[in-house]
There are 2 protein chains.
Amino acid sequence: MVNDLINSNSSTTQILILKAARKIFIKKGLSGARMQEIADEAGINKALLHYYYRTKDNLFNAVFMEALKHIQSEFFIILNSDRDLFDKIRFFFDRYISFLQENSFLPGFIIHEINQNPDRLVEFFKNAGIRPPINLIIQVSEEVKNQRIIPINPIQFLLNMLSLAIFPIIASPLIKGIFEIDDPDYKDIIEQRKKELAEWFIDSIMIKKSSNEEQKE
Amino acid sequence: MVNDLINSNSSTTQILILKAARKIFIKKGLSGARMQEIADEAGINKALLHYYYRTKDNLFNAVFMEALKHIQSEFFIILNSDRDLFDKIRFFFDRYISFLQENSFLPGFIIHEINQNPDRLVEFFKNAGIRPPINLIIQVSEEVKNQRIIPINPIQFLLNMLSLAIFPIIASPLIKGIFEIDDPDYKDIIEQRKKELAEWFIDSIMIKKSSNEEQKE
DNA sequence: ATATGGTTTAACCAATTGGTTAAAATTAAA
DNA sequence: TTTAATTTTAACCAATTGGTTAAACCATAT
């Protein structure tokens with residue numbers, strides 16, 4: 001029988017299946033993936049696949065929820081970390097881009113599947129009890145109020161950070177095509193982003209003390 | 001018989017089919033779309049569908065190529081327009097985001113299908129004779145050299161512009177979910193971006209003449 | 001009027017696909 | 001060793017799906 005919790009005994013095969021399903025679903029999406037292909041990838045037969053996960057939808061949900069949790073928790077861990085705003089920005093670009101480099105198909109997969117069926121997201125957030133990153137939103141508002149950064153809507157602030165980090169990863173084949181860049185060169189570009197993006201972004205929002213008010217503070 | 005060129009006589013139905021295919025393919029992707037659904041959407045029957053476009057792949061390619069050309073030409077028209085760099089940036093954010101608002105599923109569709117089959121992109125660029133936007137790359141390099149903008153890799157420059165414009169559109173269901181924003185509010189946020197993004201971006205790359213060298217020029 | 005090309009109807013086909021079943025074989029637990 | 005749980009084999013099923021076919025229908029232009 002299938003255990004809901006992944007325990008020590010029955011876990012091996014179940015995890016094997018999940019890994020295979022992850023690989024295939026993330027690459028091909030729900031409608032593009034084939035149960036047979038997942039079974040092959042896991043090195044087992046279709047009957048056993050259905051023995052553990054009765055339906056394709058079942059298996060897909062397991063993969064999707066796990067993926068969403070993964071990408072989301074990484075994001076929230078960074079944003080809720082106990083740091084100064086600027087450090088947090090540095091931390092974000094470095095760590096989140098690294099994370100995305102190692103999971104380059106994840107965000108595209110999630111976005112595509114949410115577009116196919118937005119209800120899945122609602123369900124997920126309800127089950128996982130996920131809340132917006134109020135921490136950072138407050139932090140940004142505070143820094144605006146303290147005139148350390150320019151007046152900016154915290155949502156726009158976050159949207160910019162996410163865009164700059166995620167888009168170059170999910171659109172990489174397209175970008176490589178447009179700019180005629182090969183794989184190693186593009187990797188270099190992403191590495192450069194990891195190094196420079198944070199400082200540029202900080203610079204773009206930071207209010208520099210002008211010389212005629214330097215006596216203050 | 002099917003004409004390669006869309007002419008006055010046979011065009012009506014063919015265009016009707018193409019419109020329907022566009023809608024379905026862009027929403028559901030190649031593997032998610034059904035020929036029957038496309039026929040229904042076009043208000044015709046499956047036989048006629050295959051009469052005009054023999055295979056699903058055929059029809060898909062027509063849609064995909066058209067979509068790619070659409071999004072690409074909009075981009076290149078803006079970037080090759082005869083403007084000052086800063087004006088071009090303003091023009092880009094305003095016009096490209098407006099374009100994306102009206103075609104919100106286009107970029108996600110293209111990115112997803114390119115990920116599924118990157119060869120399609122190569123084929124497309126070969127057929128359409130598309131070149132990287134050297135114009136703007138040179139323009140950026142020049143402005144760096146003239147010290148009007150900070151030293152920045154033109155590719156990073158373009159990547160930032162594209163990211164900031166496109167990501168909030170393709171990830172909108174996800175963002176709405178995370179930040180608990182409803183449709184009209186999100187529309188406002190995009191409108192705000194259209195207004196503010198350009199000036200913020202320009203500010204972030206522009207080198208302001210400091211007061212102790214204002215006598216120059 | 002008749003030929004022509006677009007369109008419908010509707011049955012049909014073969015391949016694919018998600019899913020099942022039941023029996024046998026293997027493994028691990030008692 | 002016996003029992004129970006895993007895993008394989010392999011045949012099978014029903015539904016879906018891309019695609020075909022052929023006859024009939026309809027409009028229109030010659």
Side-chain angles (χ1 to χ4, degrees), chain A residues 1-65 109 113 116-117 120, chain B residues 1-65 109 113 116-117 120:
Chain A
M1 272 296 124
V2 180
N3 296 329
D4 274 291
L5 297 175
I6 298 169
N7 60 35
S8 52
N9 296 333
S10 66
S11 67
T12 321
T13 305
Q14 213 173 334
I15 286 180
L16 211 70
I17 292 175
L18 208 63
K19 271 186 187 168
R22 208 183 286 154
K23 184 170 170 185
I24 303 298
F25 276 131
I26 287 178
K27 209 198 304 181
K28 309 215 166 172
L30 170 57
S31 65
R34 301 287 160 244
M35 291 301 267
Q36 186 59 58
E37 203 182 352
I38 293 172
D40 291 348
E41 176 71 34
I44 57 161
N45 53 322
K46 216 176 49 165
L48 194 60
L49 219 181
H50 282 96
Y51 173 77
Y52 278 99
Y53 295 87
R54 264 163 315 190
T55 67
K56 189 186 186 184
D57 263 358
N58 241 320
L59 183 53
F60 175 82
N61 274 331
V63 168
F64 180 77
M65 293 302 170
F109 166 68
E113 296 300 340
Q116 296 309 301
N117 182 358
R120 256 197 280 273
Chain B
M1 272 296 124
V2 181
N3 295 329
D4 275 292
L5 297 175
I6 297 168
N7 62 34
S8 53
N9 295 333
S10 67
S11 70
T12 321
T13 306
Q14 212 174 334
I15 287 182
L16 212 69
I17 292 175
L18 207 64
K19 270 187 188 167
R22 206 182 288 155
K23 183 169 171 187
I24 303 296
F25 276 132
I26 288 179
K27 207 199 303 179
K28 308 215 167 174
L30 171 57
S31 64
R34 301 285 159 245
M35 292 299 268
Q36 186 59 58
E37 203 182 352
I38 293 172
D40 292 347
E41 176 70 35
I44 58 160
N45 54 321
K46 216 174 48 162
L48 195 59
L49 218 181
H50 283 95
Y51 173 78
Y52 278 98
Y53 296 87
R54 263 163 316 188
T55 66
K56 189 186 185 184
D57 264 357
N58 240 321
L59 184 52
F60 175 80
N61 274 331
V63 169
F64 180 76
M65 294 303 170
F109 166 68
E113 297 301 340
Q116 297 308 300
N117 183 358
R120 256 197 281 271

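So you know, we letter chains A, B, ... as the sequences are listed, proteins then strands, and number each from 1.
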Who passes side-chain hydrogen bond (donor to acceptor under 3.5 Å, both in side chains) against A/Thr55, sequence neighbours left out?
none
Using whole Å, what does the distance between atom P of nucleotide C/dA14 and atom NE2 of B/His50 come to?
17 Å
Can you check the B/Leu48 CG to C/dA10 C1' distance for me, whole Å?
15 Å
Check A/Ile17 against A/Ala42 and note the closest heavy-atom contact, atom names and distance.
CA-CB, 4.2 Å
Can you tell me how far P of C/dT9 sits from CG of B/Leu49, to the nearest Å?
15 Å
Tell me the salt bridge (Lys or Arg N to Asp or Glu O under 4.0 Å) pairs involving residues 42-63 of chain A, sequence neighbours left out?
none
Measure CD1/B/Ile15 against P/C/dG6 and give the value in whole Å, please.
15 Å
Nucleotide D/dT20, atom P - distance to OH of B/Tyr53 in whole Å
16 Å
In whole angstrom, give the distance that lies between atom NZ of A/Lys56 and atom C1' of C/dT17.
8 Å
Indicate whether OP1 or OP2 belonging to D/dT6 is found under 4.0 Å from a side-chain N or O atom of A/Thr13.
no
Interface residues of residues 25-47 of chain A with DNA chain C (non-hydrogen, below 4.0 angstrom)
A/Ala33, A/Arg34, A/Met35, A/Lys46, A/Ala47
Using the C1' atoms of the five pairs at each end, what is the angle between the end axes of the helix from C/dT7-D/dA24 to C/dA30-D/dT1, to 10°?
10°
Give the rounded distance in Å between these two atoms: CG of B/Asn58 and C1' of D/dG18.
13 Å
Work out which heavy atom in A/Tyr53 is nearest to a heavy atom in A/Leu18; give both atom names and the distance.
OH-CD1, 3.5 Å
Name all residues meeting the side-chain contact (heavy atoms from CB on, under 4.5 Å) criterion together with B/Glu41; count only those two or more places apart in sequence or in a different chain, and write none if there are none.
B/Ala20, B/Lys23, B/Ile24
Carefully, step by step, assess B/Leu59 and B/Leu49 under the rule side-chain contact (heavy atoms from CB on, under 4.5 Å).
CA-CA 9 Å; B/Leu59 184 52; B/Leu49 218 181; 3.5 Å; yes
Test side-chain hydrogen bond (donor to acceptor under 3.5 Å, both in side chains) applied to B/Glu113 - qualifying residues, sequence neighbours left out
none
B/Asp57 CG to D/dG19 C1', in whole Å, measures 13 Å
Out of C/dG18, D/dT7, C/dT7, minimum distance to the side chain of A/Tyr52 belongs to D/dT7
Examine D/dT7: is either OP1 or OP2 under 4.0 Å from a nitrogen or oxygen in the side chain of A/Tyr51? Give yes or no.
no
Minimum heavy-atom distance A/Lys27-B/Gln116, with the two atoms named:
O-NE2, 2.9 Å
As a quick check of understanding, evaluate side-chain contact (heavy atoms from CB on, under 4.5 Å) for B/Lys28 and B/Arg34, giving each step before the final call.
CA-CA 9 Å; B/Lys28 308 215 167 174; B/Arg34 301 285 159 245; over 6 Å; no
